[in-house]
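Computed from a predicted structure; not experimentally measured. Just so we're on the same page: letters track the sequence lines, and every chain starts at 1.
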Number of protein chains: 2
Amino acid sequence: MNAQPPVKKGRKYDQVIAGAREVFLREGYEGASVDVIARDAGVSKATLYSYFPDKQALFLAVLSGECDIQKRASTELEFRERDVPQALHGIAESMIGFLLSETGLAIFRVCVGEAQRFPEIGRAFYETGPRMGMAMLSGFLASPKAQAVLDIDDPDQAADTFISLCRSDLMLRRIMGVDGAPDPAVISAAADEAVRTFLARYARR
Amino acid sequence: MNAQPPVKKGRKYDQVIAGAREVFLREGYEGASVDVIARDAGVSKATLYSYFPDKQALFLAVLSGECDIQKRASTELEFRERDVPQALHGIAESMIGFLLSETGLAIFRVCVGEAQRFPEIGRAFYETGPRMGMAMLSGFLASPKAQAVLDIDDPDQAADTFISLCRSDLMLRRIMGVDGAPDPAVISAAADEAVRTFLARYARR
DNA sequence: CGCCGACTGAACGGAACAGTTTACAATCGA
DNA sequence: TCGATTGTAAACTGTTCCGTTCAGTCGGCG
């Protein structure tokens, strides 16, 4: 996913990416037509094809950008709260919030749908998103500060458990279009529930 | 999803469905072409169109069938093990096994990809799959036998937690194509982990 | 000014696709 | 054996789509 666009000739590059992003995330790869992308980006098709050799390259460029965003979001998780349970609650809230956000869902949807056709996309999504988040969280769980309160042998396993608890029925209902946008109070309650279960398993006693 | 095919005229119906199933689950809705489906089903395109008015109806018929299968799988969960923790382990194993199976993944993938375009499919998947499984599990958790061992106020919430624990990083890696088919021992270990966390939260003490 | 690179709009070729039609063959009940 | 139902192969229609081409516009710069 590190293939830079061969040359960034002109000033409309960002515009093309933005339009493509919107259409691809809305329609998927097969569903998106290059004509629609060009129209949506406010750019002629000729211009679009001067930046990218074909539809697939454009798609990969868009997804690569989204993965970078995910990566940044993961590394910005805030562990420096006063209190370990509070820190966990904060992490759970921001994770759930991202998972249920329109953007987070759209990326997930497209990656699921296209991971077969473009294996590198599935890989890149996993590495920059869940894997990165897990690594961050695992690092925190292994820190002396966390270990003072938590009894964790396998931080990776524990991080997996924590994230799984965040990925609850709520997320499934959003993905499947059963629920609409979530109430912040609902997110907070879900985070609470996740932290309670996690502490029940891992709190020192 | 209850719209029956208008009439089941002839003997090739099942053949058509089988072919369509294979292609749709492999390629998604947009990716699947009717010509390929017909060829794959060993049937002429004219025959196909004598059973179904259009591609969309065929797609809905296939997914409707898959949902029925899911439903049956959910209702067949086995709760009558000697021991509650053993029962939970068995449930976790069969859930994880299904989630990671080629079939389970394919249905999930297609539903995620098409839930936008066909909202009723997202709904139907959720109701016949996760919702149904949750209801079964919730019923078990509320039963006197389980309540003797478990301290559960909100069985639905607890069922959600249990299922979330089953839907771990393992599933994500499968969906994203990072991992291949899972080793049964790995599934058993994941089930173990899920049950341990669940019991830590809900076991009476 | 005159030049040049970026961009446009529109058209086009060729392919794929959904769905229809037609002319013909297989199957089967009576 | 007959006739009706069911299926087939292949061509065909009309649309959509990707990717290319080209004549021409625009804005900046020497």
Side-chain angles (χ1 to χ4, degrees), chain A residues 3-64 110 113-114 116-118 120-121, chain B residues 3-64 110 113-114 116-118 120-121:
Chain A
Q4 290 293 17
V7 184
K8 180 168 168 174
K9 273 189 261 172
R11 63 211 129 101
K12 303 259 175 146
Y13 182 89
D14 294 343
Q15 217 171 313
V16 173
I17 289 281
R21 192 193 107 100
E22 176 154 2
V23 179
F24 277 133
L25 291 190
R26 195 177 55 223
E27 315 271 4
Y29 181 76
E30 296 278 353
S33 103
V34 176
D35 294 76
V36 171
I37 291 174
R39 192 165 44 68
D40 228 76
V43 146
S44 80
K45 221 164 34 137
T47 301
L48 187 154
Y49 275 104
S50 82
Y51 286 111
F52 300 95
D54 56 18
K55 184 185 178 183
Q56 180 171 324
L58 176 55
F59 183 65
L60 293 177
V62 167
L63 266 289
S64 164
V110 171
E114 247 60 53
Q116 304 270 69
R117 215 182 311 270
F118 304 104
E120 72 259 54
I121 281 185
Chain B
Q4 290 293 17
V7 184
K8 181 168 167 170
K9 273 189 256 169
R11 61 214 132 102
K12 303 259 173 151
Y13 182 89
D14 295 343
Q15 216 172 315
V16 172
I17 289 282
R21 192 194 107 99
E22 175 154 358
V23 179
F24 277 134
L25 291 190
R26 195 176 55 224
E27 314 272 4
Y29 181 76
E30 297 278 352
S33 100
V34 175
D35 293 76
V36 171
I37 292 173
R39 190 166 45 67
D40 228 77
V43 146
S44 80
K45 216 153 55 124
T47 301
L48 189 155
Y49 276 105
S50 81
Y51 286 111
F52 299 96
D54 55 20
K55 186 184 178 183
Q56 180 170 326
L58 176 56
F59 183 65
L60 293 178
V62 168
L63 266 289
S64 165
V110 170
E114 247 58 55
Q116 304 269 70
R117 216 181 311 270
F118 304 103
E120 72 258 54
I121 282 184

Heavy atoms of B:A32 and B:V23 approach each other most closely as CB-CG1, 3.6 Å

Just verifying a value: how many Å separate A:E120 CD and A:S64 OG, rounded to the nearest 0.5 Å? 10.5 Å

Identify which nucleotide among D:dG7, C:dT8, D:dT20 has an atom closest to any side-chain atom of A:K12, counting heavy atoms from C-beta outward. C:dT8

Looking only at D:dG19, C:dG19, D:dG7, the nucleotide nearest the B:K55 side chain is C:dG19

If you measure from CG on A:D40 to CD on A:E22, what distance do you get to the nearest 0.5 Å? 5.0 Å

Nearest-angstrom distance from the residue atom CG of A:D54 to C1' of C:dA15: 16 Å

OH of B:Y13 to OG1 of B:T47, rounded to nearest 0.5 Å, is 14.5 Å

What's the shortest heavy-atom distance between A:V62 and A:A20, and which atoms? CG2-CB, 3.6 Å

Check the distance between C:dC17's P and B:L58's CG and give it to me in whole angstrom. 15 Å

Should B:T47 be listed as having a side-chain N or O under 4.0 Å from OP1 or OP2 of D:dG7? no

Using whole Å, report how far OH of B:Y49 lies from P of D:dA10. 18 Å

Identify all pairs in which a protein N or O lies below 3.5 Å from an N or O of nucleotides 22-25 of chain D, and state each distance.
none

Is there side-chain contact between A:R117 and A:E30, with heavy atoms separated by less than 4.5 Å? yes

Without decimals, in angstroms, what is the distance between A:L48 CG and D:dT20 P? 11 Å

Evaluate the side-chain proximity of A:I17 to A:Y51: yes if any heavy-atom separation is below 4.5 Å, no if none is. no

Identify, residue by residue, the members of residues 22-36 of chain A with a heavy atom below 4.0 Å from DNA chain C, and return them in order of residue number, or none. none

Heavy-atom protein contacts under 4.0 Å, nucleotides 24-30 of chain C, coded B base, S sugar-phosphate only, - none: -------

Rounding to a whole Å, what distance do you find between A:Y51:OH and C:dG5:P? 15 Å

Just the rounded figure in Å: distance from P of C:dC7 to CG of A:D14. 12 Å

In whole angstrom, give the distance that lies between atom OH of B:Y13 and atom P of D:dT5. 22 Å

Any cation-pi pair here, B:K55 with B:Y29, using under 6.0 Å and within 45°? yes

Once you round it to whole Å, what is the distance between C1' of C:dA18 and CD of B:Q56? 13 Å

Check: B:I37 and B:F24 side chains under 4.5 Å, non-hydrogen atoms: yes

